[in-house]
There are 2 protein chains.
Amino acid sequence: MLTIGKLGASAGVKVPTIRYYEQIGLLPEPDRSGGNQRLYPRSTLDRLSFIRHARDLGFPLEAIRDLLSLSDRPDQSCAAADAIASAQLASVRARLQRLKALESELERMVAQCACGTISDCRVIEVLGDHAHCAQDHHGAEPLLA
Amino acid sequence: MLTIGKLGASAGVKVPTIRYYEQIGLLPEPDRSGGNQRLYPRSTLDRLSFIRHARDLGFPLEAIRDLLSLSDRPDQSCAAADAIASAQLASVRARLQRLKALESELERMVAQCACGTISDCRVIEVLGDHAHCAQDHHGAEPLLA
DNA sequence: TCTTGAAGCTATAGTGACTAGAGCAAGTAG
DNA sequence: CTACTTGCTCTAGTCACTATAGCTTCAAGA
């Protein structure tokens, strides 16, 4: 049996995060010690490592919830899991596209800055007028979600 | 003078977002009409477009706040603006690196899925065991911030 | 002038995935 | 026995909005 601290250290997850996962139902409520402390079986380490790894790959918690419930039913088709992973791949690719465009725009902006005064600063000027931009990095989904 | 709706449409920003920007002090409180509706001068359109454009480029609002106060003092050195933009570029590049690693890991995962049952699903298996991975996409800063 | 519909107002709460803090209780090493 | 660490619960904060509820004001047509 593992305390929450050992579990977290083993899986590379912070203790409050584990309690948060329990709160949202991603981890089951474990048994408690006499003094009300959580005690986890080994199997929870596997589950938590799975979650951690999926988070590292950028899967949202809701997708991870689905993946976990799939992994509990080994006889079913893998198609659903494949769909979730493919969706994640597509989302990563979309963000890559967008970030690449931003990178080149920012590069141009910084490169052109001669570091004089604000009044002839390219950084400020370009931000003030989208017409200075090579691409249309307009809108689309938020960069950070 | 522009109503909040016209302002939003012109700048490509939703109306509640404009009110939010006012609330956090990124836009000044405008005069009101007799019926208590916000009325904006042209200059606010410039300011809002600046914000919008910087957000499109991924700058956080706090950085934008700094950039705006810089742009209000045209005689000062542009070095501070350059530093903010360079930091943003660095952050975009860091996220690009990370996303590229994730992309190839997800590609491998999805490509290996033969779409049988869950019990021999590569997607589930790889997520369950980090040792299957080519790279160490471990930790670092959160993908989405 | 009346009416209808769009656009505006305030205020509160929700999103995702945690993180931080306060103020305790329990476990452990010397 | 005494520190010290680890654990507990609960609340609130993060970022950049978005959504909802319930209300008022405005502009255009009949």
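Chain identifiers are assigned alphabetically (A, B, ...) following the order of the sequence lines, protein sequences preceding nucleic acid strands; residue numbering begins at 1 within each chain.
Of all heavy-atom pairs between B:P30 and B:E22, the closest is CD-OE1, 3.5 Å. Taking all atoms of both residues into account, the shortest heavy-atom contact from B:M109 to B:R122 is O-CB, 4.2 Å. Summarising the geometry of B:A85 relative to A:V110, their closest heavy-atom pair is CB-CG2, 3.8 Å, with the distance given to 0.1 Å. A:L57 and B:L127 make their closest contact through CD1-CD2, 3.7 Å (heavy atoms, listed as atom of the first residue, atom of the second, distance). The heavy-atom pair separating A:I24 from A:R65 by the smallest distance is O-NH2, 2.9 Å. Listed here is the closest heavy atom pair of B:V123 and A:A81: CG1-O, 4.0 Å.
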Protein-nucleotides 18-21 of chain D N/O pairs closer than 3.5 Å?
| residue | atom | partner | partner atom | Å |
| --- | --- | --- | --- | --- |
| D:dT18 | OP2 | B:T17 | OG1 | 3.3 |

Contacts under 3.5 Å, N or O only, protein and nucleotides 9-11 of chain D:
| residue | atom | partner | partner atom | Å |
| --- | --- | --- | --- | --- |
| D:dT9 | OP1 | A:R32 | NH1 | 3.3 |
| D:dT9 | OP1 | A:R32 | NH2 | 3.1 |
| D:dT9 | OP2 | A:R38 | NH1 | 3.0 |
| D:dT9 | OP2 | A:R38 | NH2 | 2.9 |

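Rounded to an integer number of Å, the gap from CD of B:E22 to P of C:dA11 is 12 Å. The distance between atom CD1 of A:I4 and atom P of C:dA26, rounded to the nearest whole Å, is 17 Å. When rounded to the nearest whole Å, the span between CD of B:E29 and C1' of C:dT10 equals 14 Å. Between the CE atom of B:M1 and the P atom of D:dC26 there is a distance of 15 Å, rounded to whole Å. Protein atom CD1 of B:I18 is 12 Å distant from nucleotide atom P of D:dC17, rounded to whole Å. The distance from atom OH of A:Y21 to atom C1' of C:dG16 is 11 Å, rounded to the nearest whole Å.
With distances taken from any side-chain atom of B:R55 to the nucleotides D:dC17, C:dC18, C:dG27, the minimum falls on D:dC17. Closest to the side chain of B:Q37, out of D:dC26, D:dC17, C:dA26, is D:dC26.
One finds no side-chain N or O of B:T3 lying less than 4.0 angstrom from the OP1 or OP2 phosphate oxygen of C:dA7. Side-chain N/O atoms of B:S33 include one lying less than 4.0 angstrom from OP1 or OP2 on D:dC26.
For residues 100-121 of chain B, the set of pairs meeting the salt bridge (charged side-chain N to carboxylate O under 4.0 Å, His left out) definition, not counting sequence neighbours, comprises A:R93-B:E103, A:R93-B:E107, B:E105-B:R108.
In this structure, the side chain of B:R73 engages the main chain of B:S69 through a donor-acceptor pair within 3.5 Å.
Taking a cutoff of 4.0 Å between a charged side-chain nitrogen and a carboxylate oxygen, B:D56 and B:R52 qualify as a salt bridge.
Of the residues in residues 59-68 of chain A, those lying under 4.0 Å from DNA chain C by heavy-atom distance are A:P60, A:L61.
With sequence neighbours left out, A:S86 forms a side chain to side chain donor-acceptor pair (under 3.5 Å) with no residue at all. Taking B:D75 as the reference, nothing meets the salt bridge (Lys or Arg N to Asp or Glu O under 4.0 Å) condition, with sequence neighbours excluded.
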